[in-house]
Amino acid sequence: MSKHRPSKKVTNVKKGVHLGHKAKKRFGQNFLNDADIIDRIVRAINPKVGDKLLEIGPGLGAITEPVAELTDVLNVVELDRELAHRLKTHPFYGSKLNIFEGDALQFDFNEIIKPGEKFKIFGNLPYNISTPLLFHLYNYLDSIENMHFMLQKEVVNRMCAAPNSKAFGRLSVMTQYYCKTIPVTEVPPSAFIPPPKVDSAVIRLIPKPHEERNQVNPATLNTVCLEAFNQRRKTLRNSLSNIISQEVMVELGIDPNLRAENLTLLQFIELAQWLDKNKDKKD
C-alpha cells in the first residue's frame, strides 16, 4: 500500500488552515494529518476493487485518497460545498468519486444503497453530531457490512463499555444491541489540524445478524435506557418506576435494588420485551 503523506508546506496550525482550507467550526472540522494513523485506518477498512464503499465527511481527503487508490468507485457524503467542489475536481481521484452534498444526519442513505448491497461505511465524524448520526445509521444495518469511524475517545469507550462500569450507559446498550464493537486505534490531538481539545479513537462496528437485531422494538429498548440512565445513581426501583414495577423486575429475575449500570444487555432486552407485551400495563 502506498502511503498518503500529507504536505506540511501548506499548513498553518495556529489558524487551522490545512491544504489551503480553513477549518470551519460550525461543521466541527478537524483534518487528519498523520500518515501512520491514516495507514492504520485504511488497513482496517481494507478496501478492494468491487467493494461498495461510503465515506461520511471526507473533508480534505486524508482517508479518501488512499481508499480511492485501492478501489474503483467511492461514494462520499459531504456537507461543506467548498470541500465537495475540491473533491469533484481532484486531479487523480475525482473520476472515482460519487459525491453527495448534504447533511449526513438528514441524508437518506437509500439514495446510495440499493437492495441486496452491503456497504463498508467509514469516516472521521464531527464530534458534535456523532451520537445522533450513529443512531441514524443503525436504521440501515441490513445493508451494511461494517463501519469504521473516528470518534471522540470518550464516546468509543462508552460504546464498548461493559456492565458495572461508569462508562456503561444508553449508548453502550443500544450500540451493542445492534453491533459488535471493536476498538481499532487511539488517536492523539496532534494528529489533526487544528488539534481538537480531546483524544480520539477509531472503532469498528460489525452489524449483528438481523435476527439478533429483531428481538425487541428498538424504540422500546431506547425508552428503557433513557429512563434507567436518566439518574444513574438511583436504583432501578426508582428510575424505572414510571414504566415497570419492582414486582415485574423480580419476576424477570432482576434485582430492583441494582442500578442501571449493573444490568446486562440481555436484561435490558428482557425489560423492553416485557414492555412491548404489556404496553397498557404498569405492573
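As the structure is a prediction and not an experimental result, all values here were calculated from the model.
Looking at Q152, its side chain never comes within 3.5 Å of a backbone N or O of E154 through a donor-acceptor pair. One N or O on the side chain of R213 and one on the backbone of K208 form a donor-acceptor pair closer than 3.5 Å.
A salt bridge is absent between E247 and R237: the closest approach of a Lys/Arg side-chain nitrogen to an acidic carboxylate oxygen does not fall below 4.0 angstrom.
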Report task. Start with the C-alpha gap between K118 and D142, add the side-chain angles, then the distance that decides, and say whether salt bridge (charged side-chain N to carboxylate O under 4.0 Å, His left out) holds. Result -> CA-CA 8 Å; K118 289 279 189 177; D142 285 338; 5.8 Å; no
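Paired with I41 under the rule side chain to side chain contact (heavy atoms under 4.5 Å, CB included), one option of I63, V67, D36 passes, and it is I63.
Between F268 and F168, the angle of the ring planes lies from 30° to 60°, which puts this pair in the tilted group.
Scored by the salt bridge (Lys or Arg N to Asp or Glu O under 4.0 Å) test, E261 finds R232 as partners (sequence neighbours excluded). Considering only residues two or more places apart in sequence or on other chains, S200 meets the side chain to side chain donor-acceptor pair (under 3.5 Å) condition with Y127.
Within a 6.0 Å radius of NZ in K120, other residues, nucleotides and ligands contribute more than 12 heavy atoms.
Residues T220 and D276 bring a donor and an acceptor atom of their side chains to less than 3.5 Å of each other.
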Donor-acceptor pairs are to be reported for all side-chain atoms of residues 179-190 against protein atoms at under 3.5 Å, with residues two or more places apart or in another chain.
residue	atom	partner	partner atom	Å
T185	OG1	R40	NH1	2.7
E186	OE1	K153	NZ	3.3

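Taking hydrophobic clusters as Ile, Leu, Val, Met, Phe, Trp and Tyr residues chained together by side-chain heavy-atom distances below 4.5 Å, L54 does not share a cluster with V73.
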